[in-house]
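All chains are named by letter (A, B, ...) in the order of the sequence lines, taking the proteins before the strands, and each is independently numbered beginning at 1.
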Number of protein chains: 2
Amino acid sequence: MAEYNNLDTLSAFKKLQALKGAVKLGQVLNEERVRNSTVAMAGGLKYNYACKQVNESILKVFQELSREAQVIEKYKELLDGEVINTGENRKVLHHLTRGQLGNDVIFNGKNLGKFYQEQLERIADFAAKVHSGNIKAQDGKPFTTVVQIGIGGSDLGPRAIYMALENWAKKHNTLKLKAHFISNVDPDDGAGVISNLDIAHTLFVLVSKSGTTQETLANELFVKNFIKEKGLDPSKQMVAVTSESSPLANNPGYLDSFYIDDFIGGRFSSSSAVGGTILSLAFGADVFKDFLAGAHEADKLALEEDVTKNPALLDALIGIYERNIQGYPVTAILPYSQALSRFPAHLQQADMESNGKQVNRRGEKLSYETGPVIFGEPGTNGQHSFYQLLHQGTDIIPLQFIGFKDSQLSKDIEVDGSTSQKKLCANLSAQMVAFALGSHNENPNKNFPGERPSSLIYGETLCPRTMGSLLSHYENKIMFQGFLWNLNSFDQEGVQLGKLLTKEVLAGKTTGALKAFGEIFGL
Amino acid sequence: MAEYNNLDTLSAFKKLQALKGAVKLGQVLNEERVRNSTVAMAGGLKYNYACKQVNESILKVFQELSREAQVIEKYKELLDGEVINTGENRKVLHHLTRGQLGNDVIFNGKNLGKFYQEQLERIADFAAKVHSGNIKAQDGKPFTTVVQIGIGGSDLGPRAIYMALENWAKKHNTLKLKAHFISNVDPDDGAGVISNLDIAHTLFVLVSKSGTTQETLANELFVKNFIKEKGLDPSKQMVAVTSESSPLANNPGYLDSFYIDDFIGGRFSSSSAVGGTILSLAFGADVFKDFLAGAHEADKLALEEDVTKNPALLDALIGIYERNIQGYPVTAILPYSQALSRFPAHLQQADMESNGKQVNRRGEKLSYETGPVIFGEPGTNGQHSFYQLLHQGTDIIPLQFIGFKDSQLSKDIEVDGSTSQKKLCANLSAQMVAFALGSHNENPNKNFPGERPSSLIYGETLCPRTMGSLLSHYENKIMFQGFLWNLNSFDQEGVQLGKLLTKEVLAGKTTGALKAFGEIFGL
């Protein structure tokens, strides 16, 4: 079994501390460095770290740190079904939803790899019936639309992936149903989405692992009332994605139910039935399988011991160096792809909910910083928004760019000698160099200090396989950082207090400040 | 004339430094404090700072700091048309687009207040003609849709405000045209938006102050080609919003043109023709006037000398205390209103582009931190995403909540004894107290340290007037913080280097790292 120790007890970490500020990008960045700083990712993507503040010595210490923290061993134990989520006494099995890399994982006599596989097959079968018209709307016509009702992990990942692939699917004639999402308990969210729909031909996917999520159940009833008002039977146009022990399982209120279990954390559930149902319905099960194949390939690559050949691990180690050695508290994710406009919001959850913690796996208070704030918007939009601060603000914010050589729809025009896609990529290239090298100007207001590190993930085009690779890259990066910080990245105790106090407010059982705030809203 | 000095030279700032960590929320927060910490805002909104780490002594020093930095005098000089944007030698006149609070502002013999007013009247007239059918689509049928083509300030603010008021307008039968937005130079953005439209009945609003914005001109041509492919004449369904000296002004390629000038910064242009055209077309000019009235009322309130009666100034001072005394580098904006889902993205630009700077108004390097990173997502969604880090992460992130007693659409249901709207407000109240007070638990993993400060902006419902008040509140907060940090909040030199290098890439004139990055994308 791997040993779990705090980051600051590791001798390689102490070596890393001695390397603070060792690299000045202005001194090292050149053409050759860009060419020599590429690591192959799954699905044909590449990771380039030429504009990160690392050099050979730092990479060597990264390798030592990775070995000393036994991160690959820990990953292997996770794949083999060890109880990595110790706080909740749970295995961590989202990798298994896209293929098996370790031993068979058996729990209560059930082979879980097979279980997840079966669910995906059941979903594929159901989706095929919807697409062929075997499963129809109540008026006998085909379904045209699918709406996911879920929040947090049941919303952000599937929504981001749907948006990432919608145009690709249009272009490849595989957009079967248009998808929408209802998440917020704000009644204007559900009402707003529904008012634009052809309800009679809309299939709803209700997603709640426990079957007790407050927001999701409220939105379910909201939708059901609306369907009933139209004289229709909600049970004939709604499916559930839940755990086998939830009240939603095997419930005659749904056309069908698809299952996950406690070993699939919400924020890592995009490759399970949680993402699989809506994405298979929207794009067809084959598209979802390509997505899973990309993710599985990335999971495999993450087993590589050599940090310079393991992009998720290298990305994780650079993040640790930036957070704990260089002292940068925030990271921005900047996709130069409108299709990825909500991907930063998904990564915000995946990262901040996993590693935004101050105690280690044994519940001991840590004396070093853990997860940074993650935010981002697509470029070039961000350039016209917050890049001013990134270039000339008083704090340094490490950046991660994502870009593709080709657009998804291939509808483009040339203006002033270049296509929009070329302009997009030219902007991305220019920004990386501008952040790294800056530009000296006698007028301090026009001076760019540079030395603002960034990395780049790039590929030919954003398709299901590259999207799977991209998702898995970040999931594994977050996992590796959790191992390095010695955190349990798979629980989320920090969300409990708010839930508890909310119940008190709604029950009218409050005193003090909470009572006064409740009164503000007439509660 | 007011004097401009660095924050750390002010004697009140030194007093403030002595008050670091003076308030422990766990010791002071109670029912009475919540009741006594409310400041009236414009439009019936209120600002509550009970959960901020301030007390009487700190408020007293805030008042001294405000006087010593002469922030109200500076605001008055701005209103009177002084050249506040010294770097670009420009007046700063966005307040004047919603009413006059100072002397007449005359430039080159032109009364600018009257000029802005005239433009709004021309827009109102144009919108009325579109709504009445006097101005029609090319097939003689009415326009049903309006699309804004713009980026940065020509996109984020108008888009956030449209989204904020779309459901309100539906409810009040004043949604005249449905609006969409094209901003990114990524060709998939424009192509994706257009593919869902009834082009023949869509009016386009092209927004570029200079008439030379790369992304906007590329998207304009993209749209024009698409219109031509349908056998239609683009000049009959496109208007321009620009400056009078731009190539788009008085151009036969547009149905009409509406004007702004160099004294309206992009990120502060929502209340000018930039926001006014699309919002008047979408909702009617009367709705836009209500929005302006709310903003004007807030501008007036911001003249108040007493910091405890001036919510924008108080908010600004608390932000300075959090950034420069407490040392918090990030602020989150958390609207408990799905309608405000893109408002944090607008504030991200407004704030980070204005105050993300490291030199003062005279171009001297500052030795203190300026603008923080701003991010946010609507609640309750955020609770299921990044709140884990906010509650239990190693950094403290100050928060600003926004909430409303009533929903916009009034379509709601009761589940378990409460409506969704009540659940939404109960969650908000619970979070504020959870962040402030935390909760002790023997299990460190379930322990909540608390002492995480937040403020609350609240009101009855989100309507045009409250939206105007809200927007102006933040604009004025940002302005006051710029005065306190001694920044020029109204230029954005930090965006220039990227533009310059992009041109080099597109011209094929690159060497070194930039050449290598360009080659990655086939440039």
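The contact between F448(A) and chain B is made entirely by side chain atoms (from C-beta outward), counting heavy-atom distances below 4.5 Å. For a residue to count as touching a neighbouring chain, one of its non-hydrogen atoms must lie under 4.5 Å from one of that chain's; by this rule N30(A) touches chain B with the backbone only. Within the 4.5 angstrom heavy-atom criterion, only side-chain atoms of E215(A), from C-beta onward, approach chain B. Using a 4.5 Å cut-off between heavy atoms, F222(A) contacts chain B through both its backbone and its side chain. Contacts between Y458(B) and chain A at a heavy-atom distance below 4.5 Å involve the side chain alone, from C-beta outward. Contact annotation for S341(A): neither backbone nor side-chain heavy atoms come within less than 4.5 Å of a heavy atom of chain B. With a 4.5 Å cut-off on non-hydrogen atoms, I397(A) touches chain B through its side chain but not through its backbone. Only the side chain of S418(A) comes within contact range of chain B, judged by heavy atoms closer than 4.5 Å.
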Could you list the donor-acceptor pairs under 3.5 angstrom formed between side-chain atoms of residues 427-439 of chain B and any protein atom two or more places apart in sequence or on another chain?
from	atom 1	to	atom 2	distance (Å)
N427(B)	OD1	T502(A)	OG1	3.1
N427(B)	OD1	Q383(B)	NE2	3.0
N427(B)	ND2	Q214(A)	OE1	3.3
N427(B)	ND2	K423(B)	O	2.8
S429(B)	OG	C425(B)	O	2.9
Q431(B)	OE1	H391(B)	NE2	2.8

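With chain B as partner, the option from E32(A), R323(A), K499(A) having the largest number of non-hydrogen pairs under 4.5 angstrom is R323(A). When the candidates S354(A), G403(A), P187(A) are compared by the number of heavy-atom contacts under 4.5 Å with chain B, P187(A) comes out ahead. Interface check for chain B: of the options N381(A), V359(A), D412(A), V505(A), the most heavy-atom pairs under 4.5 Å are formed by N381(A). Most heavy-atom pairs under 4.5 Å with chain B, from the set L217(A), L456(A), T370(A): that is T370(A).
Between K446(B) and D491(A) no salt bridge is recorded (no basic side-chain N to carboxylate O distance below 4.0 Å). The existence of a salt bridge linking D188(A) and K170(B) is excluded, since no basic side-chain nitrogen approaches an acidic carboxylate oxygen closer than 4.0 Å.
We find the OG-CD distance between S183(B) and Q338(A) to be 5.5 Å, quoted to the nearest 0.5 Å. To the nearest 0.5 Å, atoms NZ (K357(A)) and CG (N445(B)) are separated by 7.5 Å. Atom-to-atom distance recorded for Q492(A):CD and Y387(B):OH is 16.0 Å, nearest 0.5 angstrom. To the nearest 0.5 Å, atom NZ of residue K515(B) and atom CD of residue E31(A) are 4.0 Å apart. Distance CG/N441(B) to CD/Q496(A): 11.0 Å, rounded to 0.5 Å. Here the CD atom belonging to Q388(A) is positioned 12.0 Å from the CG atom belonging to D351(B), to the nearest 0.5 angstrom.
In this structure, S420(B) has no side-chain hydrogen bond (donor to acceptor under 3.5 Å, both in side chains) partners at least two apart in sequence or on a different chain.
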